[in-house]
Amino acid sequence: DKAAAGIHRCDVALKLKANPIPFDPKNMGPINTEFDDYWPNISADGQSFSTTVLVGKLPGKSISYTDQEDIYRSEKQKDGTWEKSKPIGSPIQTKKNEGSQSFSLDGRYMFFVACDRKNSLGGCDIYYSTKEGDLWTEAVNPGAPLNSKDWESTPSFSADGNEIFFASNRPGGIGGQDIWKCSVSQNSDGSLTFSNPVNLGENINTEKDERSPFIHPDNQTLYFSSEGREGMGKFDVFFSRKDAFGNWSIAENLGYPLNTHRSEIGFVVNSKGDKAYFSSNGLDKNGRGLDIYEAFLDERLRPKKVDFFIGKVVDDETL
């Protein structure tokens, strides 16, 4: 049975390779550091870009116990170029690992993952911080039911602020690591309350692992990585669309050469829906480690375009 399944997967990969999608990725230059860069995230207005950086991990070197994950951020300049990525700083940045960041549409909340902290429920938990002025507050572990004694990672906060999607290996799922979601409500003091997690079901999850969900600002298109569905390699990127009744379509493979025999994890799309961002260590063959790339997304794979505006709400006293 395993041999037959393996042969079938090879046949699927050959069909995908025989029908490639348009794909021309470009290295994002100053977004990348000398270390491994991954888990990209772009703000809704397209002016701010963040990554997770494995500080200390140089190309060709093994991971050391002194290496740590930190969140870096870059702002777009007036000429359209990106400034050099910089650490997000304290109190978010510590001597331990922080990464896999996701921001609310208005930039007020940042979710990220931290592991093995004193206030952790499990090995890795989801934390959030609130922006006050130009500074981030101390990170909050909201505890259960969002986090558990198991593993939670790769949060993605919906544009309407009502849901958070994440990966977890908690009991009650379909496979090892599944995609789950919680409803989110904001309290009067700015803190957040989370509902009991809901598994996204068999159209998304499989008996194997699913990771790195990304809910697009259109609130209808979900991108994620899976090793349990037919594709090119171990982890491929898939997408699913939500109908008017809240049901997710059967996940579709994004195709070759976006997906390869390597693992593709951590895939996001801008608000316009025309550009995708991801990490790879083999596209340029330049001897570097993981770098962030951008590429125009094939029309068939695009979410709905989202338009928005930025303004300031005032009243008689603040006019």
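Residue indices begin at 1 and follow the sequence shown.
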[X] and [Y]: which non-hydrogen atoms are nearest, and at how many Å?
X    : Y    : answer
P155 : S100 : CD-O, 3.4 Å
D125 : L121 : OD2-N, 2.6 Å
R170 : P197 : NH1-CG, 3.1 Å
V269 : G273 : CG1-CA, 3.7 Å
L301 : R241 : C-NH2, 4.1 Å
L16  : G255 : CD2-CA, 4.3 Å

G266 backbone acceptor or donor facing Y277 side chain under 3.5 Å: no
Donor-acceptor contact present, side-chain S168 to main-chain W151, <3.5 Å: yes
Check: F278 ring centre within less than 6.0 Å of F23 ring centre: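 Yes, ring centres under 6.0 Å apart.
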Check: W180 ring centroid to F165 ring centroid under 6.0 Å: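 Distance test on ring centres: not under 6.0 Å, no.
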Do the side-chain N and O atoms of [X] and [Y] include a donor-acceptor pair separated by under 3.5 angstrom?
X    : Y    : answer
N199 : D178 : yes
S183 : E163 : no
S225 : E264 : no
S153 : R211 : no
D67  : S64  : no
D37  : T33  : yes
T193 : N187 : yes
Q101 : S50  : yes
S74  : E83  : no

Do other residues, nucleotides or ligands put more than 12 heavy atoms under 6.0 Å from [X] [atom1]?
X    : atom1 : value
E207 : CD    : no
K242 : NZ    : yes
D189 : CG    : yes
D1   : CG    : no
K131 : NZ    : yes
L58  : CG    : yes

Ring geometry between [Y] and [X] (parallel below 30°, tilted from 30 to 60°, perpendicular above 60°):
X    : Y    : value
W136 : F103 : tilted
Y127 : F112 : parallel
F157 : Y109 : perpendicular

NZ/NE/NH1/NH2 to OD/OE distance under 4.0 Å, [X] and [Y]:
X    : Y   : value
E34  : K57 : no
R117 : E98 : yes
D24  : K26 : yes

[atom1]-[atom2] distance between [X] and [Y], expressed to the nearest 0.5 angstrom:
X    : Y    : atom1 : atom2 : answer
I179 : L222 : CD1   : CG    : 7.0 Å
F35  : D291 : CZ    : CG    : 12.5 Å
D36  : L54  : CG    : CG    : 5.5 Å
I31  : R73  : CD1   : CZ    : 11.0 Å

Residue pair N203, N247: steps toward the side chain to side chain contact (heavy atoms under 4.5 Å, CB included) verdict: CA-CA 9 Å; N203 283 357; N247 300 313; over 6 Å; no
Verify same cluster id: [X], [Y] (apolar side-chain graph, 4.5 Å):
X    : Y    : answer
I63  : I265 : yes
F267 : Y38  : no
F214 : V237 : yes

Test log, rule salt bridge (charged side-chain N to carboxylate O under 4.0 Å, His left out), inputs K275 and E294: CA-CA 7 Å; K275 275 190 176 182; E294 64 178 345; 3.5 Å; yes
